[in-house]
Structures are given as C-alpha cells and as structure tokens.
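As structure tokens, the structure follows; a few thoughts come after it.
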Amino acid sequence: MKHPARWITIAVAVVVAVIGIVLATQVGTDPTADTRSSPLLGKAAPQFSVRTLDGARVTNTTLAGKAVIVNFWNTWCTPCREEHDALSIFYARHANEPDFAMVGIVRDDTARAVGSYQKRTPDPWAIALDPSSAASLAFGTRGQPETYAISPDGLVAGAQIGPATVESLDRMLDAARRIPQ
Amino acid sequence: MNVVARHRRTLTWVALLALVAGVLVYVAASGGSDTPATRARDLSAELRCPDCESLSVLDSHTQSARAIRADILRRVEAGESDEEVRQFYVDTYGESILLSPEGGGLGVLVWGVPVIAVLLGGAGLVLALRRWQRQPRLHASGEDEALVERALADRATPEEPDGE
C-alpha cells in the first residue's frame with residue numbers, strides 16, 4: 001500500500017465524521033425516553049391477578065369485555081395524592097357505565113398502611129394489593145403513579161407515567177373504547 | 001540436547017498455544033455448568049433497577065428489584081434461556097432496562113468505535129516504529145572528530161591573561 005500514513009489519516013477522519021454525523025442526528029433525542037412511555041402500548045395487556053381489600057379476585061378474565069383503567073399507586077407517594085382528586089372526578093363520571101371498570105393496584109406498600117388509609121378516605125373503585133409485585137412487574141412499572149387503559153378485548157390502549165389528570169384519563173378511556181372488538 | 005536447543009522457539013510457541021487452549025477450554029467448561037442461581041444472578045446484574053437511577057437489579061434493595069430477581073430465577077428454573085429472559089424485560093420495560101447497550105443499532109457504534117480506535121492506533125504505532133527503524137544511523141565523519149579534538153584541546157589549554 002502506497003502512503004499508509006495517509007490511509008490511516010483518512011480512516012481516522014472517516015470514523016470521526018461518522019461519529020459526528022451520528023451524534024448530530026441524536027441531538028435532542030433522549031436515551032431515557034422509553035422510561036416516559038410504555039412498550040406495552042398496542043400489545044395484549046399482561047396477565048395479572050390481584051386481590052382487592054375486600055377479598056375479591058381481579059384478573060384479566062374478570063375484566064374482559066370492559067374498558068379498564070388500572071392505576072398503580074401507594075399511600076406514601078405524594079404525586080399519587082395529588083392525582084387522587086382527578087381519579088375521583090373521573091370515576092364519578094363513568095362509574096355507572098356498564099362497560100367501564102377501574103382498579104387501583106397498590107405498588108410498594110404494606111397492606112396495613114393501605115387498610116388504614118382506605119378507612120380514612122375510602123375509594124369507591126376497587127383497590128387491590130400486589131404483595132409479590134407480580135402485577136407491577138407485568139406492567140413494567142417504574143414507579144407510581146402510573147395508569148394504564150385496557151380495551152374491552154384486552155389491548156393496552158393508553159399509558160400515563162406520572163400523575164394523571166381528568167383529561168388524560170378521559171383520553172385513555174376513549175382510546176380503549178375506540179379499539180374495535 | 002542439541003535438538004531441544006534447535007527447537008526451543010517452536011517448543012515455546014507450542015507451550016504458549018497449549019496454555020491458551022487450556023484456558024479457553026476451562027472457561028467454556030465452567031460457563032456451561034452455571035447453576036440457575038448463578039445465571040439468575042448474572043442476568044440480574046445486567047438489568048437496571050426500574051425505580052432507581054443507576055443501580056442494577058442485583059445491587060438494589062427496592063421491592064421491584066427483589067421481585068425481578070425472584071422472577072428471573074423462576075424463569076431460569078422454568079427453562080428459559082438468558083436471551084429469552086433479557087427479551088422479556090426489554091419487551092416490558094424498553095431498551096433502557098439493559099445496563100449495557102445491545103449489539104444492534106447505535107449499540108454497534110458504542111462497541112465498534114473503541115475496537116476501530118485500537119486498530120487504527122496500533123496501525124499508526126507500527127508505522128511510526130518502522131519509520132524510526134528506517135532512519136539512517138549517524139557516524140561521525142573525520143571532520144566531526146577533528147572539530148571535537150580542537151574543542152577539547154582548547155578547553156585543556158589555560159587561558160592567557162589579557163595583555164599584562
């Protein structure tokens with residue numbers, strides 16, 4: 001090879017240029033963006049089975065055919081308390097709709113803390129415990145609050161990472177109902 | 001003795017190759033006999049704890065991390081391969097659950113650039129060494145030697161006092 005030093009210089013320049021182009025195209029993209037969304041969107045909802053505070057079992061099967069809002073929360077989480085009013089208003093609006101269900105799954109908390117919290121401020125929707133974190137794990141939760149909408153045929157139609165609002169809950173419920181059965 | 005001396009270099013290479021082959025066989029054999037607990041532990045070290053900043057599932061004590069460790073062990077014991085377990089977590093949490101970048105997409109760049117940099121650096125070093133070897137050796141000419149002798153003689157002769 002004639003002038004090897006020249007070839008090495010060209011190769012280094014090409015590598016630097018490729019890195020530059022890749023970095024330039026990545027500017028503005030966030031490598032942790034997938035932590036603010038859910039890869040489950042559009043896929044079949046994960047299988048889960050939780051028991052409510054009054055002992056009833058809630059599973060994919062018991063909720064089949066309904067548009068379902070699943071809210072992960074706990075008693076010590078401040079954003080969960082902040083979104084609580086929105087959940088109450090949203091639930092009151094839809095509670096009488098026969099194709100609607102809402103379940104609050106407790107994430108990373110004790111049954112005792114949840115029990116006394118619910119005694120003080122009881123929620124009209126189903127509150128379920130997840131002592132083995134199996135449901136939290138199945139939904140790929142990274143914290144709380146997180147809210148998911150499941151369509152009547154069992155697809156994940158919406159995901160809200162962080163506190164939900166009445167508007168975001170309505171949007172998710174609409175999306176769940178729009179998926180054709 | 002003469003035969004050994006003559007083939008000393010060959011024998012050294014054969015011994016080195018045997019050593020490398022032995023190490024490779026040992027590593028391969030020990031990798032294959034991993035227990036489910038060891039495999040689950042290794043996989044836990046590869047995954048990011050979902051509700052911590054930069055801790056692995058293995059190092060974290062959150063409830064999620066404990067649940068994931070138990071889930072990984074259950075999957076391994078149920079016969080899932082390491083790749084299947086990893087894929088489940090990527091499907092559930094996204095790519096960011098992996099502490100190390102994957103080998104595809106941008107991950108290729110992350111793994112490939114250091115290798116290319118080392119190869120280019122090595123090539124440059126070899127080139128530079130060859131160039132230095134090619135430099136002609138310098139020998140003092142008769143003129144140079146005479147110059148040095150004159151300088152030494154000048155230093156040996158004491159300086160004469162100025163005009164007195």
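Every heavy atom of this structure was used, including side-chain atoms; hydrogens, water molecules and symmetry mates were not. Sequence lines set the chain letters: A, B, ... in the order given, protein chains first and strands last, and positions in each chain run from 1.
- The two residues Ser56(B) and Ser44(B) have their closest heavy-atom pair at CB-O, 3.9 Å.
- Using a 4.5 Å cut-off between heavy atoms, Ala134(A) makes no contact with chain B at all.
- Ring orientation note: the planes of Phe90(A) and Phe100(A) are nearly perpendicular, at an angle over 60° on the 30°/60° scale.
- Sorted by first then second residue, the ring-ring contact (aromatic ring centres under 6.0 Å, His included) pairs that include residues 101-135 of chain A, not counting sequence neighbours, are Trp73(A)-Tyr117(A), His84(A)-Trp125(A), Tyr91(A)-Trp125(A).
- For a heavy-atom cut-off of 4.5 Å, chain B lies close to Ala11(A), Val12(A), Val15(A), Val18(A) in residues 9-18 of chain A.
- Residues of residues 62-74 of chain B lying under 4.5 angstrom from chain A, judged on non-hydrogen atoms, are Gln63(B), Ser64(B), Ala67(B), Ile68(B), Asp71(B) in numerical order.
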Listed pairs under 3.5 Å, donor-acceptor, residues 18-25 of chain B side chains, sequence neighbours left out:
none

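- Under the 3.5 Å distance criterion, with hydrogens and angles disregarded, a donor-acceptor pair is assigned to the side chains of Thr35(B) and Thr38(B).
- Between Glu97(A) and Arg177(A), at least one side-chain nitrogen of the basic residue sits less than 4.0 Å from a carboxylate oxygen of the acidic one, meeting the salt-bridge criterion.
- If you check the side chains of Ser88(A) and Asp85(A), you find no donor sitting under 3.5 Å from an acceptor.
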Determine whether Asp82(B) and Arg39(B) satisfy the following criterion, salt bridge (Lys or Arg N to Asp or Glu O under 4.0 Å), listing intermediate values before the conclusion. CA-CA 8 Å; Asp82(B) 290 1; Arg39(B) 279 180 56 209; 2.8 Å; yes
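- Residues Val68(A) and Met102(A) fail the side-chain proximity criterion, which asks for heavy atoms closer than 4.5 Å.
- Between Glu46(B) and Arg86(B), at least one side-chain nitrogen of the basic residue sits less than 4.0 Å from a carboxylate oxygen of the acidic one, meeting the salt-bridge criterion.
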